[in-house]
Amino acid sequence: MAATQFDCQYCTTSLLGKKYVSKDDNLYCVSCYDRMFSNFCEVCKEPIESDSKDLCYKGRHWHGGCFKCAKCNHSLVEKPFAAKDERLLCTECYSNECSSKCFHCKKTIMPGSRKMEFKGNCWHETCFVCEHCRQPIGTKPLISKESGNYCVPCFEKEFAHYCNFCRKVITSGGITFHGQPWHKECFLCSGCRKELCEEEFMSKDDYPFCLDCYNHLYAKQCAACGKPITAYELSLAYLCSIIKEAVYPEELQQKINSK
């Protein structure tokens, strides 16, 4: 028998004076509606009937009384929560179980708060500070040492070396000459001004010279050919004199010279 205008759409029972539910412009008695349309609770697996609160999250449903933290069992109704491996957790349990710990204060970095990461460790934004001025570093450039992390101005003030030539900070690399630091690009021949960082060079009165300039300016001239005697040739001559004296004792040397 067809349902009249105020009968249950499914069982055709009159709904006059009874509770009913409307769905898609159709009326249903409570019993038929629950049987046909109720969702099943994720926890107790029972239907969530029309007189119960149906809480939904990502296509899953819970009774109001079943919507609880999977760890501490406290109700999550109208409270913030987070999901981990399909489990629902209150923010406190989620933080204790899943959130990172601050490398400085060892406390939990709560979900939603800003987290700073550097060299595999995590910090609260307010804990990630310069070791010297104690100001938050944030996303600004920094330099790390064993003693901590430093903003660039503090690092330069505390640790940086200044080039003996241009007087600017040496941020990386550099060389040392006569106990003074130099930028590689500032360590030049005092004669021709070419870079010496990867070249052989000689020193004269605490000034560096490439071999060509040194030989041209300071090397002694050969009495026979008139060409400069290079530093290498001087070293070789000195080495030969040592070997000669070691091989020929003084008495034998006199005999050789007398012949």
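Hydrogens, waters and symmetry mates are skipped; everything else that's a heavy atom, side chains included, is used.
Here Phe177 and Phe201 bring their ring centres to under 6.0 angstrom of each other. You'll find the ring centres of Tyr20 and Tyr33 outside the 6.0 Å limit. Between Tyr28 and Phe37, a ring centre-to-centre spacing shorter than 6.0 Å is recorded. Centroid-to-centroid, the aromatic rings of Phe103 and Phe118 stay 6.0 Å apart or farther.
Between atom CD of residue Glu200 and atom CG of residue Asp212 there is a gap of 11.0 Å, rounded to the nearest 0.5 Å. Atoms NE2 and NZ, on His74 and Lys79 in that order, are 7.5 Å from each other to the nearest 0.5 Å. One finds the OG1 atom of Thr13 at 5.5 Å from the NZ atom of Lys18 (value rounded to the nearest 0.5 Å). Note that CG of Asp54 is 5.5 Å distant from NE2 of His61, once rounded to the nearest 0.5 Å. For the atom pair CD (Gln9) and CG (Asp24), the distance works out to 10.5 Å, reported to the nearest 0.5 Å.
Open room surrounds NZ on Lys184; 12 or fewer heavy atoms of other groups in view lie less than 6.0 Å from it. By the 6.0 Å contact criterion, NE2 on His132 is enclosed, its count of non-hydrogen atoms from other residues, nucleotides or ligands being greater than 12.
Lys115 is not listed as a side-chain neighbour of Trp123, based on a closest heavy-atom distance of 4.5 Å or more. Using a 4.5 Å cut-off on side-chain heavy atoms (C-beta onward), Gln135 and Cys151 make no contact. Counting heavy atoms from C-beta outward, Thr176 and Trp182 have side chains that stay 4.5 Å or more apart. Using a 4.5 Å heavy-atom threshold, the side chains of Leu188 and Leu196 count as separate. By the 4.5 Å heavy-atom criterion applied to side chains, Leu88 and Leu76 are counted as neighbours. Residues Val43 and Glu46 have side chains not in contact (no heavy-atom distance under 4.5 Å, counting atoms from C-beta outward). Under the 4.5 Å side-chain criterion, counting only non-hydrogen atoms from C-beta, Glu185 is in contact with Glu195. Residues Lys101 and Cys122 form no side-chain contact, since every pair of their non-hydrogen atoms from C-beta on lies 4.5 Å or further apart.
Taking the ring axis of Phe155 as reference, the NZ or CZ atom of Lys145 does not stay both within 45° of it and closer than 6.0 Å to the ring centre. Cation-pi geometry between Lys45 and Phe40 is not met: the NZ or CZ atom fails to fall both under 6.0 Å from the ring centre and inside 45° of the normal.
Side chains of Ser203 and His178: a donor on one and an acceptor on the other come within 3.5 Å. Counted by atom type alone, Thr12 and Asp7 present zero donor-acceptor pairs between their side chains at under 3.5 Å.
Under the 4.5 Å side-chain heavy-atom criterion for Ile, Leu, Val, Met, Phe, Trp and Tyr, Leu55 and Phe81 are members of the same hydrophobic cluster. Hydrophobic clustering of Ile, Leu, Val, Met, Phe, Trp and Tyr side chains at less than 4.5 Å, counting indirect connections, unites Tyr207 with Leu217.
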